[in-house]
Amino acid sequence: MNTDVKTTVHLNGLARRLVDNGLVDATTIREATHAANHNSSTLLSHLIQHDMVPVDRLAFAAASEFGIPLIDISALDLKNAPTGLINEKLLHRHKLLPVFVRGKTLFVATADPTNQLALDEVSFNSGLIVEPLIVAADSLDSAIDSAGNAQETSFDEFSEDDDDILSNLEVDASSQEQDSEDSAIDEAPVVRFVSKILLDAIRKGASDIHFEPYEDNYRVRYRLDGVLKQVATPPNLMSRRIASRLKVMAQLDIAERRVPQDGRIKLSLSKKKSIDFRVSTLPTLFGEKIVLRILDSSVTKLGIEVLGFEKKQQEDFLHAVNKPYGMVLVTGPTGSGKTVTLYTALNILNDGGQNISTVEDPVEIRVEGINQVQQNTKAGLTFAKALRSFLRQDPDVIMVGEIRDLETADIAVKAAQTGHLVLSTLHTNDASESITRLAQMGVAAFNIISAVNVVLAQRLVRVLHKCKHIEEIPAAALQEIGYSEEEVNSNITIYAPTGCSACNDGYRGRSGIFEVMPITAELKSIILKGGNALKISAQARSEGIIDLRRAALNKVSIGVTGLAEINRVTKD
């Protein structure tokens, strides 16, 4: 048998180099070559499979023979490996690891660059030119596994539960016309990737998902407890396919990439539980940035107790909300929880005995029993026009998404003065500035004091996880940041984030901090005289109304959050 092999198999190429380097004898390499040919395998794969040559020496010999770079896989940042570009089963079957993309070329790590069938299949699957890089076989398997673990959200296989959930995605793409360039959006890897991103975001409690294309990379970030965190870096070449998939799900025009679009995705988790995603697209220099706001109506049904009010604040707020008429104003930046606060109030009032109507841009939370209207400026349906229509519909409670101009403010104020409870928002820094903002819009001072019941300013702070630890801070420093000498002498305990596998950098969840300012007789007097925000704020402090900074310090002293967090969201 051996004699026949010697006479029919001649040594050349890699086989000759291995013999010349003393890594294997001629007889063994001839037998290995014959066996590889018989099994329709490559010589390299046969040698690796049967451990006939040390893998590091074999990799070096192959790199020298074929002129292909030899790389140290352990030196690579595997979390950025574009593994999502190729089906995971294909990677494991052929033992390949995509390393990086340059232009239209995909570089893959492999222990066997002679396996042309595998390289061609990867090229076909990715639509890219494939160039191999040689890696020692013993480190490649672990590297492929590590790359999958490092990238939290990749094109993984879903569990049966995931498949059941994803099958309930309510997407009507029947009216969409796809051009040939976007015909690949239904490819399984893209569909699975986008679906997994949505599910993971819900499970982790994210409030927003950002899909962001850049010149040399593409990233996906979640807003977790108010802070953006990168969770995935799919290949840049996938940006258009991902955008098209999201736009189809949101029933947007996938052929239009020049102007922003807005839509909605509905995901049914069960027969009784569904999550809506508000979708916003924005053309950028390098593609469409898409942001999904996760809208979970169940958060407004948890009760006012979970919002984070202090006892007196909650009493003042509920007192104003339960009045038959007047205005309740909530102020704060985007993402500060204003909508949740207002809808919590609406749920308290939504007892079936009142006519409640809202006009918003857009409608974020859908609630049974409330008449919700979405502003449509193009069609002429503005806040002001909707408000006028509400007043002809026998309303009891009206909510205006935001008071942006004098016309809206004027109608809202008149509604509050004529027997209706009006809830709305403003974009100002604190409660006192909301009053001066209305005055700047042109609302007369006597109308302000006769209409506004309470002004509420709010922010959201991250809540410390149970892994928190005590932070030692000198008494002088505590007084400097706002604590009184009496509080410092009472030995208050300050906690700081630690961080563990069950939290987000030491935090889990968020709580509100509030400034609740009822419009008292003294404040009305100052407003009527044209007093500025400083005078209004000073009077509120003298009446015992705590501002946002004080509310934040109170949260720190009871261990809810940390000093670093309140310094992030409030001014000292």
Side-chain angles (χ1 to χ4, degrees), residues 225-227 304-317 331-333 335-337 341 428-434 454-500 502-518 520 522-523 526 532-572:
D225 297 331
V227 178
I304 194 170
E305 295 79 11
V306 304
L307 295 182
F309 284 110
E310 296 192 10
K311 184 178 179 181
K312 177 65 164 57
Q313 292 177 330
Q314 183 172 315
E315 291 173 354
D316 289 340
F317 181 63
T331 184
S336 60
T341 299
T428 59
N429 289 323
D430 56 35
S432 58
E433 289 184 12
S434 295
V454 68
V455 183
L456 181 152
Q458 72 176 86
R459 301 289 189 276
L460 292 175
V461 294
R462 291 181 291 175
V463 175
L464 288 169
H465 189 244
K466 61 183 180 181
C467 64
K468 62 188 177 183
H469 65 272
I470 295 176
E471 184 176 18
E472 298 293 340
I473 299 178
L478 289 175
Q479 286 186 258
E480 187 176 338
I481 62 177
Y483 286 109
S484 66
E485 183 177 355
E486 182 180 355
E487 288 175 308
V488 173
N489 291 336
S490 67
N491 295 320
I492 58 175
T493 303
I494 307 295
Y495 291 91
T498 299
C500 67
C503 65
N504 298 314
D505 300 323
Y507 298 94
R508 190 173 182 85
R510 289 190 289 176
S511 177
I513 55 171
F514 300 90
E515 175 187 6
V516 180
M517 186 178 76
T520 62
E522 292 77 11
L523 285 173
I526 293 174
N532 59 27
L534 290 176
K535 290 182 179 179
I536 295 172
S537 180
Q539 177 60 34
R541 300 294 88 75
S542 69
E543 294 179 10
I545 304 301
I546 63 173
D547 60 12
L548 289 169
R549 179 67 179 183
R550 183 67 249 184
L553 289 171
N554 290 348
K555 282 283 196 294
V556 172
S557 62
I558 60 176
V560 171
T561 191
L563 286 175
E565 177 64 7
I566 68 166
N567 288 333
R568 184 179 69 86
V569 299
T570 66
K571 60 183 179 180
D572 193 352

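Values reported hereafter were calculated over all heavy atoms of this structure, with side chains retained and with hydrogens, waters and symmetry mates removed.
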Can any side-chain N or O of [X] pair as donor or acceptor with the backbone N or O of [Y] at less than 3.5 Å?
X: Thr570; Y: Leu548; answer: no
X: Thr561; Y: Arg462; answer: yes
X: Glu485; Y: Gln479; answer: no
X: Tyr483; Y: Leu553; answer: yes
X: Lys555; Y: Gly308; answer: yes
X: Ser557; Y: Asn554; answer: yes

Distance-minimising heavy-atom pair for [X] and [Y]:
X: Cys500; Y: Cys467; value: SG-SG, 3.8 Å
X: Arg510; Y: Val463; value: C-CG2, 3.7 Å
X: Ala496; Y: Glu471; value: CB-OE1, 3.6 Å

Please list, chain by chain and in numerical order, all residues satisfying salt bridge (charged side-chain N to carboxylate O under 4.0 Å, His left out) with [X], sequence neighbours excluded.
X: Lys535; answer: none
X: Asp316; answer: Lys312
X: Arg550; answer: Glu487

Distance, nearest 0.5 Å, that separates [atom1] of [X] from [atom2] of [Y]:
X: Ile473; Y: Ile492; atom1: CD1; atom2: CD1; value: 8.5 Å
X: Arg459; Y: Glu565; atom1: CZ; atom2: CD; value: 13.0 Å
X: Glu315; Y: Glu310; atom1: CD; atom2: CD; value: 11.5 Å
X: Gln314; Y: Leu307; atom1: CD; atom2: CG; value: 8.0 Å

side-chain contact (heavy atoms from CB on, under 4.5 Å) partner of Ser434, the single match among Leu456, Thr428, Asn429: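 Among Leu456, Thr428, Asn429, the one that satisfies the side-chain contact (heavy atoms from CB on, under 4.5 Å) with Ser434 is Thr428.
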Asn567/Arg549 under side-chain contact (heavy atoms from CB on, under 4.5 Å): CA gap, chis, key distance, verdict: CA-CA 9 Å; Asn567 288 333; Arg549 179 67 179 183; 3.0 Å; yes
Sub-4.5 Å side-chain heavy-atom contact between Ile494 and Leu478: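 SC-SC contact between Ile494 and Leu478 confirmed.
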